[in-house]
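By convention in this document, chain letters (A, B, ...) are assigned in the order of the sequence lines, proteins followed by strands, and residues within each chain are numbered from 1. All of these numbers come straight from a predicted model, not from anything done at the bench.
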Number of protein chains: 2
Amino acid sequence: MDDRIYDLADLFKVFSDSTRIRILYVLMDGEKNVGDISEAVEMNQSAVSHQLKTLKTSHLVKVRRDGKAMLYSLADDHVETILKIGMEHISEED
Amino acid sequence: MDDRIYDLADLFKVFSDSTRIRILYVLMDGEKNVGDISEAVEMNQSAVSHQLKTLKTSHLVKVRRDGKAMLYSLADDHVETILKIGMEHISEED
DNA sequence: TGAACATATGAACAGTTGAACATATGAGAA
DNA sequence: TTCTCATATGTTCAACTGTTCATATGTTCA
């Protein structure tokens, strides 16, 4: 059980950065390459690439190659669900 | 929308620490005072009190006074829901 | 093969964070 | 009021994190 607590904390740690959340929101629109993501979140390619690696390691996004480009997309429904419930929570605060 | 992204990141930041998650799990068992929580998570009173303040500020726990003691409990259903979905996610990883 | 493009990686630096310690506040009992 | 008990707060410090810059990797096309 203790291991799972740490894993759980690590998962939420990934959701705890606004850049990563913005990337996830961008990907809700569908599969995108790194350049398009960079443009959408207005951050340089390197920063986005670093964050995409974090997101991939925690299985929140998946990737496939298309020629020179890498196409990222959301890994599963949990991502949107967690963001949605989080939004609900902050919306209901007094 | 941008403000909400920051608020959302801040919310998940609260979930991103194993001590805080353990406190939340302890509180799933019901209302508890600070001493009992400290004992349950095996951390000193000061550390727990600091974390309880963080949890309270983000509306994840609520408090009421009972004589000298402060009784903490989970604020709403979102807390358990978010932890549950997080657990589902890490359980399904390859 | 070599140039051009798309993305990844490594290092360094500033900013943030959790824990520990000491101390302060507040409530009840005497 | 004064003494405890229960909890909160302020400060310090080591560890961690996100961004930037520079560079490397990998793919396509000529």
Could you spell out the base pairing of DNA chain D as a dot-bracket line? Use Watson-Crick and G-U wobble contacts where both distances are under 3.5 Å, [ ] for crossing pairs, | for partners on a different strand. ||||||||||||||||||||||||||||||

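Following rounding to the nearest Å, D66(A) (CG) and dT7(C) (C1') show an atom-to-atom distance of 13 Å. Between K68(B) atom NZ and dT4(D) atom P the separation is 12 Å, expressed in whole Å. With rounding to whole Å, R64(A) atom CZ is found 17 Å from dA6(C) atom P. L52(A) places its CG atom 13 Å from the P atom of dG18(D), with the value rounded to the nearest Å. With rounding to whole Å, D10(A) atom CG is found 13 Å from dT17(D) atom C1'. Following rounding to the nearest Å, Y72(B) (OH) and dT7(D) (P) show an atom-to-atom distance of 9 Å. Straight-line distance from the CE atom of M70(A) to the C1' atom of dT7(C): 7 Å, rounded to whole Å. Across the protein-nucleic acid pair, D17(B) atom CG and dC16(D) atom C1' stand 12 Å apart, rounded to whole Å.
A 6.0 Å sphere centred on CG of D77(B) holds no more than 12 heavy atoms belonging to other residues, nucleotides or ligands. The neighbour count for E80(A) CD, taken as heavy atoms of other residues, nucleotides or ligands under 6.0 Å away, is above 12.
The CG atom of L8(A) sits 11.5 Å away from atom CD of E88(B), with the distance rounded to the nearest 0.5 Å.
The side chain of K53(A) contributes no N or O atom lying less than 4.0 Å from OP1 or OP2 of dA8(C). An OP1 or OP2 oxygen of dT19(D) is reached within less than 4.0 angstrom by a side-chain nitrogen or oxygen of T19(A). Contact check, R20(B) against dG18(C): a side-chain N or O comes under 4.0 Å of OP1 or OP2.
Remark: the S91(B) side chain and the R4(A) side chain contain an N/O donor-acceptor pair separated by less than 3.5 Å.
Of the residues in residues 23-48 of chain A, those with a non-hydrogen atom less than 4.0 angstrom from any atom of DNA chain C are N33(A), V34(A), G35(A), Q45(A), S46(A).
Between Y72(B) and L55(B) there is no side-chain heavy-atom pair separated by less than 4.5 Å. The shortest distance between side-chain heavy atoms of M43(A) and Q51(A) does not fall below 4.5 Å.
In the hydrophobic cluster analysis, where Ile, Leu, Val, Met, Phe, Trp and Tyr join through side-chain heavy atoms closer than 4.5 angstrom, I82(A) is grouped apart from Y6(B).
Formation of a donor-acceptor pair under 3.5 Å by the S49(A) side chain with backbone atoms of Q45(A) is not found in this model.
Stacking of H50(A) onto the six-membered ring of dT9(C) is present: less than 5.5 angstrom between centres, less than 30° between planes.
Ring geometry for H89(A) against H78(B) counts as perpendicular: the plane angle is over 60°, on a 0 to 90° scale with 30° as the lower cut.
Between R65(A) and S16(A), the one whose closest nucleotide on DNA chain D sits nearer the 5' end is S16(A).
Closest to the Q51(B) side chain, of the nucleotides dT7(C), dG26(C), dA19(C), is dA19(C).
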